[in-house]
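To start, the structure under review is shown below, and the notes come after it.
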Protein chains: 2
Amino acid sequence: MVSATKFSATKSSAPETAAPDAAEPTARQAAVLDAVLALMQEKGGQLTMTAVARRASCSKETLYKWFGDRDGLLTATVQWQASRVRAGRYDRQRLDASSLRDSLRDFAANWLSVISSPTSIALNRVAITHAASQQSNLGQIVLENGRFAIGGRLKPVLEEGRAAGLLAFDDTEAAFRTFFGLVGRDVQIRLLLGDGLKLGKAEIARDAAAATDQFLTLYGRTDPKPAAA
Amino acid sequence: MVSATKFSATKSSAPETAAPDAAEPTARQAAVLDAVLALMQEKGGQLTMTAVARRASCSKETLYKWFGDRDGLLTATVQWQASRVRAGRYDRQRLDASSLRDSLRDFAANWLSVISSPTSIALNRVAITHAASQQSNLGQIVLENGRFAIGGRLKPVLEEGRAAGLLAFDDTEAAFRTFFGLVGRDVQIRLLLGDGLKLGKAEIARDAAAATDQFLTLYGRTDPKPAAA
DNA sequence: AGGAAGCCGTACCGTACGTTACGGTTCGGT
DNA sequence: ACCGAACCGTAACGTACGGTACGGCTTCCT
């Protein structure tokens with residue numbers, strides 16, 4: 001079930017490009033994982049080990065040596081993709097109403113871009129399929145790097161906004177979930193189910209702005225002074 | 001690919017319990033479809049024809065005679081489940097602010113109950129898996145009976161609310177999508193990905209009320225008079 | 001009673017795919 | 001030049017599963 005050999009980097013205990021335990025993929029391994037991502041998008045569910053080997057011009061034996069089994073390959077792929085989505089720095093300069101709004105818009109637009117990308121759709125489909133077969137924890141990993149990752153990055157912004165007297169809420173988590181809902185709405189489920197919904201840059205920008213405005217209507221303080229009790 | 005014999009009811013052209021073309025399942029067939037639903041929830045992805053036959057105490061030959069192929073069985077199952085979710089009449093009496101709020105809360109609570117039910121989760125997972133393998137249109141069917149069905153039923157309510165001067169919006173679809181987002185938030189994706197999120201009756205009622213309040217904050221008219229231009 | 005139809009249980013077939021094994025090639029180290 | 005390790009391409013194996021065939025049982029019609 002669980003791959004025993006969290007893929008080892010050829011030389012067993014040699015400090016390669018990264019921590020020897022967390023296991024950063026080598027360039028060649030990354031190429032394989034990219035092939036997996038590409039196949040997921042093109043071929044959908046028919047993601048066979050043979051197809052991966054052919055696409056990546058490597059042997060199946062190598063796949064198994066590096067990743068243990070099919071599940072290990074999938075897990076490594078999810079983590080590989082997650083490792084390069086860490087976008088957006090959102091420099092916490094001093095917050096005013098305008099910069100807060102901009103930050104929220106950026107978050108919203110970035111999130112919409114991610115969930116509407118073919119890569120994310122394919123990855124989520126695979127993870128959901130696996131969650132159904134209650135094998136491995138692919139679903140958790142995707143959740144951790146998607147929904148919960150963005151939550152962890154947005155919540156500090158919300159709390160800074162509150163500290164600056166720009167937002168009002170008791171429960172940060174609840175406020176974040178509202179934002180999440182206003183931004184995502186029905187987009188993700190429709191895309192996952194194969195609806196032909198198209199999101200261009202213009203629509204994303206527009207929707208992100210609209211969601212941000214709605215969020216600020218619900219949680220923004222019209223009186224921008226810190227609580228002068 | 002497409003099952004040729006949209007399941008026929010034993011006696012070819014005899015008017016059974018329903019239209020001979022739309023094909024309402026017989027009691028026995030319904031029992032089989034219930035077995036499929038039960039297996040989906042318990043066994044997840046390993047939904048094999050043999051397992052269905054064993055669970056339903058019928059032969060695989062019968063399954064194929066009735067439903068054509070595996071896809072036909074799945075499609076029939078989705079439609080069978082959809083056929084009995086048609087809940088909520090929402091009698092359009094005269095609308096005031098209070099009854100509108102109640103209607104919206106009912107919609108929200110009902111929708112949350114549906115998407116958090118094991119049946120819905122299992123069904124959506126299967127549909128998403130199929131959408132990935134670009135075979136059949138299971139995803140579309142689920143979408144049609146889920147997201148779009150509730151839209152079709154809620155939009156008239158919203159428009160009545162607008163006609164009564166209780167709501168203000170230009171785009172009914174946009175208003176509905178906002179409501180959808182406020183209610184669903186991250187619930188569906190988390191459940192689909194296997195997160196251990198529990199929604200009891202109390203939480204559903206609370207969340208439905210909160211989402212409704214937020215929606216009314218965004219779209220409600222504080223001045224409840226019809227447009228007295 | 002006799003026959004036909006529907007259906008259950010099971011055996012069977014073909015294929016797809018995960019996994020393993022193996023021969024041949026490249027390449028770095030000595 | 002030689003050795004061994006890593007790796008590629010491919011063949012082979014075992015199994016799971018979709019789909020089919022068949023024998024026997026029940027039911028219903030005449």
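The analysis underlying the following values was restricted to heavy atoms, covering all of them including side chains, and did not include hydrogens, waters or symmetry mates. It should be emphasised that the depicted structure is a prediction, and the values quoted were computed from it without experimental measurement.
The phosphate of C:dC17 (OP1 or OP2) has no side-chain N or O of A:T50 nearer than 4.0 angstrom. Applying the 4.0 Å criterion to OP1 and OP2 of C:dG18, one finds that A:T48 has a side-chain N or O inside that range. Considering only side-chain N and O atoms, B:R54 lies nowhere under 4.0 angstrom from the phosphate OP1 or OP2 of D:dC17. B:R55 has no side-chain polar atom (N or O) that falls below the 4.0 Å cut-off from OP1 or OP2 of C:dC8. OP1 or OP2 of D:dC8 has at least one side-chain nitrogen or oxygen of A:T62 nearer than 4.0 Å. Between D:dC7 and A:W66, a contact under 4.0 Å exists linking OP1 or OP2 to a side-chain N or O.
With rounding to whole Å, A:F67 atom CZ is found 11 Å from D:dC7 atom P. Rounded to an integer number of Å, the gap from CG of B:L73 to P of D:dC17 is 15 Å. Residue B:L63 contributes atom CG, which lies 13 Å from atom C1' of C:dG9 at whole-angstrom precision. When the P atom of D:dG18 is taken as reference, atom CD of A:Q46 falls 16 Å away, rounded to whole Å. Between A:M49 atom CE and D:dA16 atom P there is a gap of 18 Å when expressed in whole angstrom units. In this entry the distance linking OH of A:Y64 with C1' of D:dA12 reads 14 Å, nearest Å.
Note on A:R177 versus B:D207: no salt bridge recorded, every NZ/NE/NH1/NH2 to OD/OE distance being 4.0 Å or above. Note on A:R147 versus B:D195: no salt bridge recorded, every NZ/NE/NH1/NH2 to OD/OE distance being 4.0 Å or above.
With D:dG9, C:dC8, C:dT19 as the choices, the nucleotide that has an atom nearest any side-chain atom of A:S57 turns out to be D:dG9. Closest approach to the A:K65 side chain among C:dT19, D:dG19, D:dC7 is made by D:dC7 (side chain taken as heavy atoms from C-beta onward). Proximity note for A:K60 (side chain, C-beta onward) versus D:dG9, D:dA11, C:dG9: the nearest is D:dA11. Among C:dC8, C:dT19, D:dC8, the nucleotide with an atom closest to any side-chain atom of B:E61 is C:dC8.
Ring geometry for A:Y219 versus A:F169: interplanar angle over 60°, hence perpendicular rather than tilted (30 to 60°). Between A:F215 and A:F179, the two ring planes are perpendicular [angle over 60°; tilted spans 30° to 60°].
Comparing B:R70 and B:S59 by the nucleotide of DNA chain D whose heavy atom lies nearest to each, the residue mapping closer to the 5' end is B:R70.
Heavy-atom neighbours of A:K43 NZ from other residues, nucleotides or ligands within 6.0 Å: at or below the threshold of 12.
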